[in-house]
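All values derive from a computational prediction rather than experimental measurement. Whatever order the structure lists them in is the order used to number ligands and atoms, beginning at 1.
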Amino acid sequence: MLYISTRGGMSSRTFTEALLEGLAPDGGLVVPAQYPQVDAETLQSWRGLGYAELATEVLRRFISDIPPSDLDRLTAATYSPDVFGSPDIAPLRALDERLYLLGLSNGPTLAFKDMAMQLLGQLFEYALERRGQSLNILGATSGDTGSSAEYAMLGKHNVRVFMLSPHTGLSPFQRAQMYSLDAPNIFNIAIRGVFDDCQDLVKAVAEDATFKARYRLGAVNSINWARIAAQVVYYFKAWLALDVAPDTLVSFAVPTGNFGNVCAGHVARQMGLPIHRLMVATNENDVLDEFFRTGIYRPRPSAEVHHTSSPSMDISKASNFERFVFDLLGRDAERLNDLWGRLRARGSIDLSRHLAIAGAGGFGLVSASSTHTDRLQVIRQVSRDWATQVDPHTADGIKVALELRQPGETVVCLETALPAKFEATIEEALGSAPPRPAGYEDLESRPQHCDLLDPDLASLKEYIAARAA
Ligand SMILES: *Cc1c(COP(=O)(O)O)cnc(C)c1O
């Protein structure tokens, strides 16, 4: 399996090359040259597999440069009950007869990002060891990505993490989760500024090609193809766990920010998994809902981003969306380049001619959005009717599932975080704090470690240069 860029300006890469490189050098996103196909018979033969074995089966179709026996070892180390709390890894539970919740948030940081990031930690360590290289991961976080990356890279050989976060602005839980880590390869950098300052600093460092090459800087944001590939696995897992006849209409409801999670669902469907529809759920930041309703894609200026009670979905543009548009244009890199040029020049593009292909009759993507009031209402309803607590992001997905589902359609809602991460909203909805998983009771009282820096490029570069692997 070889990888190409959505913009056509990259020679073919292997999986490992794409893993270490992140973004394609032409600014495009890395995608497989074609989607591997899984026929009905193969799919049935996977029924008895545990999560790690299923991960090997799905991933080896994307990875030709890691021997299957090594991949087996990496997936077994990643998807273990020690890391994800149960042998099931991603338990599926029924809410009603045709509504299910897929538990993806039982990893160390209580959000679904661990499902991919934990594998990335193993893959990085393995690839760097084989190549005799080291890597310094530089990132900015407003919450979930940073802690997920740090827990995945914790103690990994040849990898260091430099994670920028706004000095104030993280929730106490999120701050404690990152800053309580005390490991020689993890550097928490609190910036005297807001999230945008952190992101601007990361961009400015990455744009200095000499510095980037000298200190071997890498990225773990969701544009990394390996994260999408790892997420494809749980769509297969959910479908197999449902154990329904192949002609049953099975859809997924996916809380969406950067379009990474739902992009993995699109890939699973392209591989032949019988998915009826993929329901894109947004919050008040409805760039993607607008697209799937009108065919107009209009990223917002950052000043127009709403700060909502599902903050991990507060985005102004969806970085993974380019992967989907590439498929929508028949995988024509030249047309994609033209279109993205127009997007830069005019601030929006009109793909309404392609809406029929994107939607229910084609790729199966449909959408809706939620408000704060909707989320509170869903959190209450789920607690009352099904004795389950869900976080506000998962509530976005359930709201959309209930709104869009049709008679005869089964919908799997992806749980993207545990309610313990978003205490304030749960208290507002239910009048009491959500339960904390074992081991997290004293999180905020643990000693915290971080270095405080001004939002200044020179100081940041000096900091990295003194500590890089
Ligand atoms: C990252 C995140 C999302 C959005 O996922 P994308 O892959 O960016 O669409 C939704 N919910 C939670 C809790 C997250 O951390």
Side-chain angles (χ1 to χ4, degrees), residues 29 101-118 120 139-152 165 170-171 173-174 177-178 195 220-232 234-235 252-268 278-289 291-292 299 305 308-324 365 367 369-370 375 378-379 389-400 413-423 425-426 434:
L29 297 196
L101 189 62
L102 184 66
L104 299 175
S105 306
N106 301 307
T109 73
L110 314 184
F112 84 102
K113 291 195 169 65
D114 292 335
M115 294 295 294
M117 206 71 91
Q118 285 288 324
L120 234 63
T141 187
S142 58
D144 296 331
T145 306
S147 55
S148 187
E150 291 186 2
Y151 279 78
S165 52
L170 302 183
S171 79
F173 187 97
Q174 289 175 319
Q177 218 173 21
M178 289 206 294
F195 172 66
V220 288
N221 47 14
S222 69
I223 51 97
N224 196 309
W225 168 258
R227 279 183 61 181
I228 306 290
Q231 291 179 296
V232 170
Y234 54 69
Y235 285 88
F252 287 84
V254 191
T256 305
N258 268 323
F259 207 77
N261 201 356
V262 70
C263 183
H266 166 68
V267 173
L278 290 161
M279 301 173 173
V280 173
T282 74
N283 61 21
E284 292 86 340
N285 297 291
D286 59 355
V287 186
L288 289 167
D289 182 34
F291 174 79
F292 287 104
V305 174
T308 75
S309 50
S310 46
S312 304
M313 295 159 60
D314 292 349
I315 55 107
S316 54
K317 57 175 179 292
S319 32
N320 272 291
F321 190 53
E322 183 169 336
R323 289 193 163 108
F324 177 72
L365 280 103
S367 76
S369 68
S370 75
R375 291 188 287 277
V378 167
I379 291 168
Q389 286 195 12
V390 291
D391 96 294
H393 305 78
T394 308
D396 277 308
I398 296 175
K399 187 265 180 186
V400 166
C413 301
L414 302 190
E415 173 208 59
T416 58
L418 290 194
K421 280 200 109 159
F422 301 95
E423 262 176 14
T425 305
I426 305 302

> Under 3.5 Å, N or O to N or O, is His393 touching ligand 1 that way?
Replying inline: no
> Hey, which of Ile228, Leu278, Asn320, Val254 is the one that makes side chain to side chain contact (heavy atoms under 4.5 Å, CB included) with Asn261?
Replying inline: Val254
>> Over 60° means perpendicular and under 30° means parallel, so tell me whether Phe324 and Phe259 are parallel, tilted or perpendicular.
In response: tilted
> Do Phe422 and ligand 1 have an N or O pair less than 3.5 Å apart?
Replying inline: no
>> Is there a polar contact between ligand 1 and Ala111, counting only N or O atoms under 3.5 Å apart?
In response: no
>> Show me which atoms of ligand 1 lie under 4.0 Å from any heavy atom of Thr416.
In response: 10 (C), 11 (N), 12 (C), 13 (C)
>> What I want to know is whether Thr256 and ligand 1 share at least one N or O pair that is separated by under 3.5 angstrom.
In response: no
>> Regarding ligand 1, does Phe112 bring an N or O atom to under 3.5 Å of one of the ligand's N or O atoms?
In response: no
>> Would you say that Asp396 contacts Met313 through its side chain, given a criterion of any heavy-atom pair below 4.5 Å between the two side chains?
In response: yes
> Does the side chain of Ile379 reach to within under 4.5 Å of the side chain of Phe422, using non-hydrogen atoms?
Replying inline: no
> Going by the order shown, which atoms of ligand 1 are within less than 4.0 Å of some heavy atom of Ala417?
Replying inline: 13 (C)
>> Heavy atoms only, cut-off 4.0 Å: how does Asn258 contact ligand 1, side chain, backbone, both, or neither?
In response: both
> For ligand 1, does Met313 get within less than 4.0 Å through its side chain, its backbone, both, or neither, judged by non-hydrogen atoms?
Replying inline: side chain
